[in-house]
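These numbers were taken from a predicted model, which means no experiment stands behind them.
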Amino acid sequence: MSARTYTSSHPRTRGGVEVRLPWWAVALPAIAFAALLLLISAPGQAHAAAGDPAVAHVLQRIQESLSL
């Protein structure tokens, strides 16, 4: 008994594969990379939060890293 082969009704293209990503699929890894880069950029200055708002602290770190 012979096996049937599958034939596609759609012709295959010879070009590259086109993939469309949603905006967050690019933005989230970029934000995570930037956050990790900020964390490892100045490990000697790490200290516990003493009432500083977190947003102000993050903005200060971004400003410090951009002024290099």
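Summarising the hydrophobic clusters (Ile, Leu, Val, Met, Phe, Trp, Tyr; side-chain heavy atoms under 4.5 Å, direct or chained), the residues clustered with L28 are W23, W24.
Here L36 pairs with L39 under the side-chain contact (heavy atoms from CB on, under 4.5 Å) rule; sequence neighbours left out.
Note that CG of L38 is 9.5 Å distant from NE2 of H57, once rounded to the nearest 0.5 Å.
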